[in-house]
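What follows is a single structure, written as structure tokens, with notes after it.
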Amino acid sequence: MTRILVVDDDPQIARALRINLRARQYDVDLAPDGATALKTAAAHPPDLVVLDLGLPDMDGADVIRGLRGWTTVPIIVLSGRAEGTDKVTALDAGADDYVTKPFGVDELLARIRAVTRRAHTTEGSGPATVTLGQYTIDLTDHTITPDQRLTPTEWQLLERLLRNPGKLITQRSLLHDVWGPQYGTETNYLRQYMARLRRKLEDDPTRPRHLITEPGMGYRYQP
Amino acid sequence: MLSRRRLIAGLVAAAAGVPLLTLLAYRIDLALPDVVLLLVAAVVVVALLGGLWPALMAAVGGFLLLNFYFTAPLYSLEVNTGEGLLALLVFFGVAFGVSWVVDLAARRTRQADRAAADARTLAAVAGGVLTGPDPLHGLLTELRDSYGLDSVTLVEAGTPVASAGDPAVDGDAAIAVDGSLTLVLRGRAPSADEWQVVRAFAAQAAVALRQQRLALAAEGDRVRTALLAAVGHDLRTPLASAKAAVAGLLSEEVSFDEQDRHELLETADESLDRLAALVANLLDMSRLQAGTLGMVPVDVGLEDIVPRALDELGPPGRRVAVDLPDDLAVVRADPGLLDRVLVNVVGNALRYSPPDHPPEITGRVFDGRVELRVVDHGPGIPVADRERVFLPFQRLGDRDNHTGVGLGLALSRGLTEAMGGTLTPEDTPGGGLTMILSLPMGTS
């Protein structure tokens, strides 16, 4: 069973999350503050952490750093909409994804599935074929049905996204992985290539359903 | 002091009149007492005309001429008779005394005139403070005009708060009013006897400033009251429906069939969404007004922001037609704030669009900036009301429950301007409203 550590000082949110997650067969630990969270995580290592950024005792980013000191457990951050910078700080500190409050439970569950799936598939090879709208994409053979030609860079970019369904991939890590370690700020490259991929693969490139931009943060493949 | 013109007239009269009269008297061979009387009369006339100094000049001149032409020994400035000496001394004494009295009277009259003028000015000033549309400015203008100054500035803690003419923090004279207020005069320094009135002006200006601020505060209170009422209504409505739905579901007295249960839950969910949207706007608005808006401008493509905003608008958002050029330049903006702006502006366009004619979004680069146009084909807004829609809580006659507190456009403009952009309304050709969102171009 997947064990989730929910860190939130608001008892109502904690309760709602506990009930919703348990109903979906997750094991749930609750922690009302950062210190308890770090202690609980050490005593019962979780498979996933859901962390509210507005904690009474310490900064959310410090909790993330505290966890990252010894574990690669996926971390999903809950943030208020106004704390845009906090969100980026949290991602930089090592969080895997974020959900903006007020959030729908479905949205949170989708994120949870996305990051836990990644946590399992990084060890294996992952799925060989992925569907994106009307296209079936074979990641091993690099073929698309119905036929659609992609350049090598487009392939790399697409593969990086498709291998992590539902998961946020930051601009920095995409640039690193696809263009090379010396790249990190050339977000206009990403914009151009994502626009090309959308024109080739999305039904309506102006309203992408699968290759989603998280403005200022990164990209996400929405299955 | 008498005017320069009168002074010159007096001097001319003294310099020309006295010798002429003496010459005339000498020619017709008048007796000494008659000549003395004649010259005393001349000195009085000079005093009336030119005041003390010309009269004194006339008196001295007369004295010397009398001495020379009429007292023995003649044609010398010596006097050797008691009669002659007496006549000369009496002449000089009378001439001097008359000059002095006449001059004093003239001064008094002028002072009285000025006091009356000052009183009139002060009365006008006091009246203006209570009645005029912009009493402070009126007051400063009055001061500038009555004393022939270039500019008058009311300075508070080193910053100009009001002025007649160009604002200046230092000038030819400064009058401290109270703690931090100073009235700065530029053009000339007031003379000693003008100071009193200028000080009164300064005190009045301070009162006017205080009054102006009180009026602003009262206006602010009125807006806040209206805001509270509107927000109260718009918060309570979705809260009430969500509460009613959930309380119904919790009730043990009734049992709902599956469809009713689902509908109640949907009601609660939608109401809470409305509540969340409203709270988000209110929070942004208060952050904007408090100047604590966290803003991180980055280069973002409108093609990334627009679809997200449309998604947030739910099913109606899908009807909006988007036409953005493939090579449209990126904008420099905070993605979250830009999203809020678009949700509000497009939401507004959708609200007023006829069902069969949804809004359109187009983009282009214009004059070094990126312009996004949100075009609707609704009723439009008369030009006179255009700016009013950007005030909080204006709904232009629309009173239904779905339009929100009328905060959207005010907030959108505030957020846009915080990002260095502009939001301006325009007519849609053929009817409707077009909102033009202009943003700085990105760097990449």
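All chains are named by letter (A, B, ...) in the order of the sequence lines, taking the proteins before the strands, and each is independently numbered beginning at 1. For clarity, every value in this text was computed on a predicted model and none was experimentally measured.
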Which of the residues B:Val300, B:Leu338, B:Asp311 is involved in the greatest number of heavy-atom pairs with chain A at under 4.5 angstrom? B:Asp311
Inter-residue atom distance A:Thr143.OG1 - A:Ile137.CD1, 0.5 Å rounding: 9.5 Å
Between the main-chain N or O of A:Asp203 and the side-chain N or O of A:Gln134, is there a donor-acceptor pair closer than 3.5 Å? no
Would you indicate whether the side-chain heavy atoms of A:Ile144 and A:Leu201 approach each other to under 4.5 Å? yes
Please state whether the side chain, the backbone, both or neither of B:Leu310 comes within less than 4.5 Å of a heavy atom of chain A. side chain
Per-residue tally against chain A (heavy atom, under 4.5 Å) across B:Asp273, B:Asp269, B:Val306, B:Asp326 peaks at B:Asp326
Can you tell me which portion of A:Arg209 sits under 4.5 Å from chain B's heavy atoms? Options are side chain, backbone, both or neither. side chain
Salt-bridge present (A:Arg191, B:Asp299; N to O < 4.0 Å): no
Over 60° means perpendicular and under 30° means parallel, so tell me whether A:Trp179 and A:Tyr193 are parallel, tilted or perpendicular. perpendicular
Residue A:Glu214 versus chain B: region with a heavy atom under 4.5 Å: both
